[in-house]
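For the numbers below, each heavy atom of this structure counts, side chains included, while hydrogens, waters and symmetry mates do not. Only a predicted model underlies this, so the values are computations on that prediction, with no experimental measurement involved. The chains referred to below are lettered A, B, ... by the order of the sequence lines, with proteins before strands, and numbering in each begins at 1.
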Protein chains: 4
Amino acid sequence: MATQKDFDKKEAIFAATLELVSKHGFHSSPMSEVAKQANVAAGTIYHYFKSKDDLICALYVRLKEKTTETLLKQDDANKHYRERIRSFYLQNFRYFTQNPKEFYFLEQFSNSPFIQAIPRQDLQRLDQPIYDFLRKAVFMQAVRDIPPKIMISMLLGSVGSLVKLQLSGDFQLTSSDIEQAFFACWDGIKRQ
Amino acid sequence: MATQKDFDKKEAIFAATLELVSKHGFHSSPMSEVAKQANVAAGTIYHYFKSKDDLICALYVRLKEKTTETLLKQDDANKHYRERIRSFYLQNFRYFTQNPKEFYFLEQFSNSPFIQAIPRQDLQRLDQPIYDFLRKAVFMQAVRDIPPKIMISMLLGSVGSLVKLQLSGDFQLTSSDIEQAFFACWDGIKRQ
Amino acid sequence: MATQKDFDKKEAIFAATLELVSKHGFHSSPMSEVAKQANVAAGTIYHYFKSKDDLICALYVRLKEKTTETLLKQDDANKHYRERIRSFYLQNFRYFTQNPKEFYFLEQFSNSPFIQAIPRQDLQRLDQPIYDFLRKAVFMQAVRDIPPKIMISMLLGSVGSLVKLQLSGDFQLTSSDIEQAFFACWDGIKRQ
Amino acid sequence: MATQKDFDKKEAIFAATLELVSKHGFHSSPMSEVAKQANVAAGTIYHYFKSKDDLICALYVRLKEKTTETLLKQDDANKHYRERIRSFYLQNFRYFTQNPKEFYFLEQFSNSPFIQAIPRQDLQRLDQPIYDFLRKAVFMQAVRDIPPKIMISMLLGSVGSLVKLQLSGDFQLTSSDIEQAFFACWDGIKRQ
DNA sequence: TATGAATGAGCGTTCATTCAT
DNA sequence: TATGAATGAACGCTCATTCAT
């Protein structure tokens with residue numbers, strides 16, 4: 001079926017882009033290489049994406065959606081907020097250490113001028129689910145009344161740093177290290 | 001004096017590179033533009049740097065050294081560790097929000113495959129002063145016995161996230177927000 | 001037909017390179033000029049050749065093959081060796097005086113460090129047919145038992161010098177001059 | 001003494017140019033490298049030579065003069081022409097196999113478009129001594145009445161080919177090979 | 001005379017993008 | 001829709017040459 005084939009090609013292009021960009025960076029990932037890796041012709045990419053920038057931005061959005069969904073899917077509203085946030089933190093660490101390509105791509109992208117090409121409201125939409133999750137925690141008085149944006153920044157900044165540390169190969173983090181790191185964060189944001 | 005002139009040219013090239021790369025990214029900062037911005041001929045850059053990569057790596061090392069030095073210069077060994085770490089955290093925030101070009105450059109660089117071009121031991125040397133500072137804090141039992149690498153990751157991850165938030169323009173952080181964020185961190189790492 | 005078009009483009013690039021290099025030398029024949037002369041875009045050359053060096057080496061191999069084939073094609077195994085070698089000598093002179101571009105290109109190439117880029121066994125393969133022709137003459141006791149490599153050197157050195165003399169415009173060689181030069185060579189190598 | 005110093009510098013520049021050009025070719029021998037190798041500043045070369053082309057042409061003329069002089073110096077007018085020409089041939093072979101840099105430089109130069117930069121009469125002047133030597137041999141009826149230009153071409157073409165063969169490393173020529181080659185030539189040009 | 005930092009035109013090459021098939 | 005040869009602007013970089021010292 002054509003639709004399935006389209007899907008496959010688009011997927012293949014995304015996968016190839018992720019592979020190459022995460023390893024070599026944006027400008028060392030020519031479209032011709034992406035095409036080769038995806039087993040399509042160079043021109044074919046332009047049936048699915050307007051330009052290289054468009055492809056990269058689309059991949060960013062896609063990965064953001066996917067990771068956010070994955071990370072919140074396992075949330076269990078019946079548990080205590082501490083447990084839910086702990087689980088979110090740990091999942092985050094696990095997900096990215098197990099999917100380093102996605103981590104590298106997202107970090108690279110969000111620290112590059114590329115990100116300015118994404119409309120602000122789209123960026124907001126991508127963060128919305130996590131944002132909602134934490135705002136509710138504040139509302140439920142599970143955590144201190146810190147603006148959710150700050151809280152996200154702190155949590156994700158912390159976990160992101162740890163992922164980077166782990167992936168650098170300089171340092172093997174044990175699960176106790178992660179727990180410890182989480183509780184350090186938690187002690188910082190929990191309602192005393 | 002020749003030495004002064006050399007210094008000026010090299011400085012001008014560094015400044016131009018910082019300006020352009022922080023604004024447009026590595027690959028949207030051609031050497032010809034760097035030269036124009038620095039008021040030198042394109043070829044002149046190659047008297048000071050072997051290649052574009054070399055220039056960018058040299059600038060990274062230089063900025064790292066400068067910021068580390070600046071951030072630790074104001075450390076007062078007579079104060080309590082809480083105060084010293086607080087000051088470090090706050091200075092960090094202040095320095096980077098006031099020097100956004102340096103922040104963007106460093107973030108972009110350290111999240112790009114470029115960083116692999118810097119020998120591991122050089123990277124270690126750049127982080128050594130901060131590392132020493134925190135290791136001593138652990139040794140003095142001022143903070144919990146968390147591996148310093150993790151502690152650095154958490155502190156800098158946290159403050160980096162806040163700087164990004166502030167610079168994004170989405171959110172105006174008050175100094176009370178920063179204090180709050182610091183104390184959250186501190187509560188996490190202090191010896192209870 | 002695509003294959004024909006490819007052939008045409010590659011041929012046009014070869015012809016343009018021969019034209020320019022024979023007239024101006026390697027380094028005064030920029031790729032941009034080659035492209036212009038061949039009526040293709042600069043980038044197109046790189047579909048057919050990896051680099052400028054690759055193009056030039058490929059052209060050398062091609063011309064060597066073509067001239068060797070041309071020179072041996074007219075050989076008539078029924079004739080006496082004296083006649084066959086005479087014919088080879090005369091053809092050689094005629095071919096290169098009538099195709100000065102090829103002569104200048106080949107001379108330039110084989111006297112430049114470029115030639116070291118061609119694997120030794122490839123060079124040997126190119127000379128093999130002439131080598132075989134002369135070795136057989138030795139074997140048949142038509143000529144003295146001089147190592148064929150030396151004999152080739154002498155014959156081709158002699159005729160090459162004459163071609164250079166003729167093309168220099170300093171001196172108009174008559175066909176009697178060439179005959180005379182050949183017989184001088186022949187008297188030197190024939191079995192007495 | 002200044003004059004001596006000048007001489008030394010100019011010599012050093014010539015020596016450096018010969019060294020580099022014979023090994024790497026004209027366009028892989030930048031003036032900056034020549035300067036380094038000669039232990040002078042880049043600008044200094046321009047006190048002695050108008051341009052790179054000028055330097056290379058001057059070196060050509062110089063080497064031509066020197067080799068011609070060397071080769072004719074040992075001529076002994078008392079001997080038979082056969083002996084004198086034999087000696088010239090053998091010296092030629094010996095000189096260039098022992099001075100491969102000069103051989104490679106001269107071959108490269110005389111097969112490149114560079115040579116067109118040298119006025120025709122200068123070229124003639126350089127060849128004049130050898131030309132005279134052989135013309136006299138014709139006049140004395142020692143050799144056949146072949147135009148001296150052709151005779152030079154044949155002799156030098158022959159010996160040049162052998163030098164190339166020897167220097168290529170493919171083939172070790174014995175002194176008997178050279179003798180044989182000379183007598184082949186001689187049989188070709190001697191008055192029967 | 002000697003220096004070598006500075007110049008900038010010009011090079012070889014890449015690669016995002018197009019378009020005839 | 002899919003192809004991939006072709007394009008050519010733009011890049012990083014070299015190097016012959018100049019000139020203030």
Side-chain angles (χ1 to χ4, degrees), chain A residues 2-3 5-6 9 26-36 39-56, chain B residues 1-3 5-6 8-10 26-36 39-55, chain C residues 1-3 5-6 8-10 26-36 39-55, chain D residues 2-3 5-6 9 26-36 39-56:
Chain A
T3 308
K5 242 181 86 191
D6 282 10
K9 292 234 160 133
F26 299 127
H27 44 290
S28 300
S29 304
M31 293 297 257
S32 56
E33 282 301 310
V34 171
K36 204 175 293 172
N39 268 313
V40 300
T44 304
I45 301 177
Y46 290 85
H47 285 297
Y48 296 98
F49 306 97
K50 249 181 23 222
S51 66
K52 187 179 184 180
D53 280 26
D54 184 45
L55 161 60
I56 281 168
Chain B
M1 181 177 46
T3 308
K5 251 181 80 188
D6 281 11
D8 290 348
K9 289 246 154 98
K10 204 168 176 179
F26 300 127
H27 38 290
S28 300
S29 304
M31 293 299 257
S32 55
E33 282 302 311
V34 171
K36 205 176 293 173
N39 266 313
V40 299
T44 302
I45 301 178
Y46 292 86
H47 278 291
Y48 296 98
F49 306 97
K50 256 187 7 235
S51 65
K52 186 179 183 181
D53 279 26
D54 184 46
L55 161 60
Chain C
M1 181 176 47
T3 307
K5 250 182 78 189
D6 281 11
D8 290 348
K9 289 247 154 99
K10 204 169 175 179
F26 299 127
H27 38 288
S28 299
S29 304
M31 293 298 257
S32 55
E33 282 301 311
V34 172
K36 205 174 292 172
N39 266 313
V40 301
T44 302
I45 301 177
Y46 291 86
H47 278 289
Y48 296 96
F49 306 97
K50 256 184 12 229
S51 64
K52 186 178 183 180
D53 279 26
D54 185 45
L55 161 60
Chain D
T3 307
K5 244 181 85 191
D6 280 11
K9 290 235 159 130
F26 299 127
H27 44 289
S28 299
S29 303
M31 291 298 256
S32 56
E33 282 300 310
V34 171
K36 205 176 290 171
N39 269 312
V40 300
T44 303
I45 301 177
Y46 290 85
H47 285 296
Y48 296 98
F49 305 98
K50 250 184 20 226
S51 67
K52 187 180 184 180
D53 280 25
D54 184 45
L55 161 61
I56 282 169

Next item on the list: List in numerical order all residues of residues 28-35 of chain C for which some heavy atom is under 4.0 Å away from an atom belonging to DNA chain F.
Entry: none
Note to self: Wobble G-U and Watson-Crick pairs count when both distances are under 3.5 Å; given that, what is the 5' to 3' dot-bracket string of DNA chain E, with | for pairing to other strands?
What the structure shows: .||||||||||||||||||||
Margin query: Please confirm whether the shortest side-chain N or O distance from C/Thr44 to OP1 or OP2 of F/dT7 is below 4.0 Å.
Written below: yes
Check: Does a distance-only test, which skips hydrogens and angles, find a donor-acceptor pair under 3.5 Å between the side chain of A/His47 and the base of F/dA2?
Finding: yes
Checklist line | Closest non-hydrogen atom pair between D/Asp54 and D/Phe49, with its separation | finding: OD2-CA, 3.5 Å
Notebook entry, point to check: Toward the 5' end of DNA chain E, which comes first, B/Ala41 or C/Asp53, by nearest nucleotide?
Noted result: B/Ala41
Next item on the list: Applying side chain to side chain donor-acceptor pair (under 3.5 Å), name anything that partners B/His27, two or more places apart in sequence or on another chain.
Entry: A/His27
Note to self: Heavy-atom nearest nucleotide on DNA chain E for B/Val40 versus C/His27: which residue maps closer to 5'?
What the structure shows: B/Val40
Notebook entry, point to check: Does a nitrogen or oxygen in the side chain of A/Lys9 sit under 4.0 Å from OP1 or OP2 of F/dA2?
Noted result: yes
Next item on the list: Hey, could you give me the CZ/OG distance between A/Phe26 and A/Ser28, rounded to the nearest 0.5 Å?
Entry: 11.0 Å
Next item on the list: Measure the spacing between NZ of C/Lys9 and CD1 of C/Ile45 and express it to the nearest 0.5 Å.
Entry: 11.5 Å
Checklist line | Nearest-neighbour nucleotide for the A/Tyr48 side chain, F/dA5, F/dA2, F/dT7 considered | finding: F/dA2
Item checked: Candidate pair A/Val34 and A/Lys52, rule side-chain contact (heavy atoms from CB on, under 4.5 Å), full reasoning -> CA-CA 10 Å; A/Val34 171; A/Lys52 187 179 184 180; over 6 Å; no
Check: Do the side-chain N or O atoms of B/Tyr46 get closer than 4.0 angstrom to the phosphate oxygens (OP1, OP2) of E/dA5?
Finding: no
